Engineer: 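Mind having a look at this structure? Questions to follow.
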Amino acid sequence: MSKSDSPSIFSMIIDRKIPADIVFESDSVIAFRDINPKAPVHLLVVPKNPDFQNVSELAAASPELLAELVATAKKLADEYTGGEYRLIFNEGASAGQTVFHVHAHVLGGGLTEDSLGD
Ligand code: AMP
């Protein structure tokens with residue numbers, strides 16, 4: 001069960017309660033296109049377990065699952081961005097985190113050094 005009272009928007013996607021453009025799914029991880037893309041390719045890679053709010057919690061509790069998340073990001077980047085990509089974890093509202101169910105942003109396609117952040 002999530003630490004918050006209600007399921008996160010990502011849990012609702014995992015449970016097929018709301019639609020998403022899902023590009024990958026395994027027993028433990030799901031990936032789908034960000035609804036508000038910040039790059040030509042913008043995917044979100046999300047562990048199905050909703051217990052971890054951010055990457056630090058995930059790293060401390062389950063380094064294997066974090067490694068699987070990163071490996072999935074790389075696999076999808078190979079498929080969708082030619083293997084070059086930016087991997088972002090926002091942690092905390094003041095850092096831009098809006099969904100407190102840990103997720104990796106995979107951004108690619110025409111990024112430059114200047115496009116870091118918004
Ligand atoms: P963050 O700001 O790091 O918490 O990232 C949350 C991301 O989730 C944002 O980039 C949103 O655009 C994205 N997002 C929110 N709702 C949805 C949704 N229903 N389907 C796909 N992406 C979403």
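Quick caveat: nothing in here was measured; it's all calculated off a predicted structure. Whatever order the structure lists ligands and atoms in, that order sets their numbers, starting from 1.
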Engineer: Quick one, Val45 with Val70, criterion side-chain contact (heavy atoms from CB on, under 4.5 Å). Give me CA distance, side-chain angles, the key distance, then yes/no.
Structural biologist: CA-CA 9 Å; Val45 186; Val70 172; over 6 Å; no

Engineer: Compare every heavy atom of Asn54 with every heavy atom of Gln97, then report the nearest pair and how far apart it is.
Structural biologist: OE1-CB, 4.2 Å

Engineer: Can you list the atoms of ligand 1 that are under 4.0 Å from a heavy atom of Phe10?
Structural biologist: 8 (O)

Engineer: So, taking the atom named CG in Leu44 and the one named NE2 in His105, what distance separates them when rounded to the nearest 0.5 Å?
Structural biologist: 5.5 Å

Engineer: Check Ile13 against ligand 1 and report side chain, backbone, both or neither, counting heavy atoms closer than 4.0 Å.
Structural biologist: side chain

Engineer: Under a heavy-atom criterion of less than 4.0 Å, does Arg33 contact ligand 1?
Structural biologist: yes

Engineer: Numbering the atoms of ligand 1 from 1, which are under 4.0 Å from a heavy atom of Asn36?
Structural biologist: 12 (O)

Engineer: Quick check for you: to the nearest 0.5 Å, what is the distance between Asp51 atom CG and His101 atom NE2?
Structural biologist: 8.5 Å

Engineer: Find the distance between CD1 (Ile13) and NZ (Lys48) and round it off to the nearest 0.5 Å.
Structural biologist: 12.5 Å

Engineer: In Å, rounded to the nearest 0.5 Å, how long is the span from OG1 of Thr72 to CD1 of Ile30?
Structural biologist: 11.5 Å

Engineer: Purely on distance, is any nitrogen or oxygen of His42 under 3.5 Å from one on ligand 1?
Structural biologist: no

Engineer: Could you tell me whether Phe89 approaches ligand 1 through its side chain, its backbone, both or neither, with non-hydrogen atoms closer than 4.0 Å?
Structural biologist: neither

Engineer: If you measure from atom 23 (C) of ligand 1 to every heavy atom of Val46, Ile35, Val102, which option wins on shortest distance?
Structural biologist: Ile35

Engineer: How long is the span from the CD1 atom in Ile22 to the CZ atom in Arg16, to the nearest 0.5 Å?
Structural biologist: 3.5 Å

Engineer: Can you find an N or O of Asp34 that's nearer than 3.5 Å to an N or O of ligand 1?
Structural biologist: yes

Engineer: Is the distance between the ring centroids of Tyr80 and Tyr85 less than 6.0 Å?
Structural biologist: no

Engineer: Based purely on interatomic distance, does Gly96 place a nitrogen or oxygen under 3.5 Å from a nitrogen or oxygen of ligand 1?
Structural biologist: yes

Engineer: Determine whether the side chain, the backbone, both or neither of Phe32 has a heavy atom under 4.0 Å from any heavy atom of ligand 1.
Structural biologist: side chain

Engineer: Under 4.0 Å, heavy atoms only, figure out whether ligand 1 is touched by the backbone of Lys38, its side chain, both or neither.
Structural biologist: neither

